[in-house]
Q: 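One structure, pasted below without further comment.
All of these numbers come straight from a predicted model, not from anything done at the bench. Chain A is the first sequence line, chain B the second, and so forth, proteins listed ahead of strands; every chain is numbered from 1.
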Amino acid sequence: MIEPFTVPFMGRALTEIALLALICGPISVFVFVRRLSFVSDALTHTVFPGVVVGFVAGGMDGLFTGALVAGVLTAVVLTVLTRSARLTDDAATAVVLTAMFSIGVILVSRRTSYTSDLTAFLFGRLLTVTPRQISETAVLAAVILIALAIGARALTFRAFDPAGAAAAGLRIGRLDLWLNILLALVVVAAVRAVGTILVVALLVVPAAAARMVTDRLVPMAVAGTGLVLAAGYFGLLLSWTASLRYGVALTSASAVVLMLVLAYVLLLPLRRWRDRAFTGRPSPHELVG
Amino acid sequence: MNWWDDVMHRAVAEVVLVGALTGLIGVQVVVRRLSFFTMALTHATFPGVVAASIIGVNLLLGGVVTGAVVALGVAALTRRRGQDAAAATGVLVSGGFALGAALVATQSGFSRDLSSFLVGSILTVSASDLVVTVAVLAVVALVLVFCARPLLYAGFDPVGARASGIRAGGWDVVLLLTIVLVVVTVVPAVGTILALSLIVAPAAAARLWSDRLPVATVLAATFGVASGLAGLWVSSRWNVAAGASISLAATAVLVLSWGLRRAVRA
Amino acid sequence: MATAALRLTGVSVGYSGTPVVTGVDLELRPGQRLALVGPNGAGKSTLIKAVLGLAAILEGTATVLDRTPARARALTGYVPQTGNLDPDFPVSVRQVVMMGRYRQLGWWRPARAADRRAVAEALDRVGLADRAGHRFGLLSGGQRQRVLLARAIAAQPRLLLLDEPFNGVDAVSQEAIVRVLRELSAAGAALVLSTHDLAVARDLADLVCLINGRQWAVGTPAETLTAKPLRQTYGSSAIDLADGRMVLVEP
């Protein structure tokens, strides 16, 4: 079970996932309580044009900057759009997602290696992660975790009770922007290595699955991190075994996602059982309200 | 030579049909805030389509069956409101796509590659694709016209609707299944991203112009067709991806509507 | 003829087997007005939903106009709380009131002159005839409440249930609603309304039912809105004043 990970590229892939697990456990808790699944999904798609422009302008080095610019830009646009009514949140998110992604597609469609670019963007290149990418991820992870730790209390207050938070003097708009930019940073840190599909899963699934086991925020974050680690380990193992033993070209990113989703599905009944066992009779407020 | 033999002619016909179809359902999607559900559907039906192609049954059927399962699952989950529904939809997006991709990986000779799933291949529609789109357009139009009242009541005031004997939950499922049908029909031709774009953007633009559902629906269908034709023209003129230019044309309609509305009000 | 509009005998109601209110016993005759009084979360909405056949009756029997609640729906009307409705929904005031006629109209038969007249009359009665073309979400809270009342009237119910009809309602709207409710009961309709406003209950109701998880008292306002039953219902948030009156302090 350990043996595949002694191969250098497998070891590096696992290291990258471990770093992402550290960030995604805590940040996915906020994605969960603020219902930002769609925003996360949108961010993974909107960095695409940035990646393309960055690559064209500066090769592999430009890629990172391009993604960063596009990610932060989306975070700002989404925050502004969702705060200025007239368009509902979800419609605004959908439009930003499709428009930005289309710009990316138009840019790559002018080039010849069109489909391979898209596929790489979807699935990433987890098995070709370089030590340099790992150190970049590590730096971003540190930045994100520190920013999250500073804002955690205010962000939690805002998620639970927006009106109360505003009354207590918190700037809701800035907090929303803060969280959206952090999400964009996670996407930027992860997308090149693991692809969009896995990033969405990493942002949404850990806390959603952990919620089945606990309803307290810190244990949720810890359980989420543990879950990503486990899914990363078993997913990589699965993809390794599938391609070596059975000749099935299962991308490692898909395998990790499938492990995460499997955990979510397996934990679903647990939530049911917990609800019944611990809350007993639901509070009348919940039923009547 | 038959008019339908020309690739570009077929593409034009498909774009017009798809624009009308997505416009029709789009207003419901926007009004009921189902954009994310639609996005999830585009991804979650993917494994169904792949599986259907592997076992050799009709692709549309595979998509509709998977979509129906997903829609029922979402309907059951949204009864317990709150964070769980949003999160579960998110799980569907990533899980559905990963499962589809994994299935693709087991087949070395699968014809429709992943990127065409994302951006579609409007220039390869066949005459039978067109017939299917026409049929679905007719079905969706009939559902929206004949079930307008219960759909409206159930969407606006589910408890009040139930109190007056309309089964709101059942009508929600009807709406979700109609969206499934549209998504499954549209995605192979135009891809997931364009499907979402054509469903949401023209309808959101139409909502800016009218508070009346029928008016907004007609407007949305018109905007959808117009964006489709404009995008197709841009794509052939400057040789860029058709799906993406159509999607950007739809976005442009929305941005223009927004700007014009502000100008009109100010 | 003079059968009860609503008869509840030893009724417990709730969701998925969990009781929210227990031991409700009351009888309401046509033309009478019943106020369900209790604090937030007491189970007033659940009781109303049970009478509409939308929440389960776990024990006892409920008879609505000599039928089971679900079968009586064609004869009952319901005015929900406006707060749960989406103000962005593209629906005009006239359309909302027309929903009250959907039962007669079926799915798609076009509205006839009689339907349109009923809608116009209902809107006129609540004083909003001039707002028929507006979007529902553009009205004030009190006006929205009146539109929903008009929708219920348009169906000409024999039993009308209103869930907190005076919550967040301006004085003009409150007056209009009270006037319409009196007219309706004068014409023979039975009314059930939930409220946590004792003054409203005292002024408007013939019958008051105090509930909080269970029924604590039922009877005329003079019998029920007194110190002992109120203290039982509201617990420590009911405070005696020196002159024998009570005030309620929502915790």
Q: Check whether A/L97 gets within reach of chain B through its side chain, its backbone, both or neither, counting any heavy atom under 4.5 Å.
A: side chain

Q: For each of B/A201, B/S197, B/A203, tally heavy-atom pairs with chain A at distances under 4.5 Å, and name the one with the top tally.
A: B/S197

Q: B/L92 versus chain A, heavy atoms under 4.5 Å apart: side chain, backbone, both or neither?
A: neither

Q: Please identify, among A/A207, A/A94, A/A242, A/S102, the residue contributing the most non-hydrogen atom pairs under 4.5 Å to chain B.
A: A/S102

Q: If you apply the rule side-chain contact (heavy atoms from CB on, under 4.5 Å), what do you find for B/L41 with B/V187, and how did you get there?
A: CA-CA 10 Å; B/L41 268 186; B/V187 164; over 6 Å; no

Q: Holding to side chain to side chain donor-acceptor pair (under 3.5 Å), I want the full list of residues that pass it with B/S35, two or more places apart in sequence or in another chain.
A: A/D90

Q: Among B/T251, B/I199, B/V91, B/V200, single out the residue with the greatest number of heavy-atom pairs under 4.5 Å to chain A.
A: B/V91

Q: Name the orientation class of the two ring planes belonging to B/F97 and B/H43 (parallel below 30°, tilted from 30 to 60°, perpendicular beyond 60°).
A: tilted

Q: Do A/F48 and A/I103 have side-chain heavy atoms sitting under 4.5 Å apart?
A: no

Q: In the structure I gave you, are the side-chain heavy atoms of A/S28 and A/L202 within less than 4.5 Å of one another anywhere?
A: no

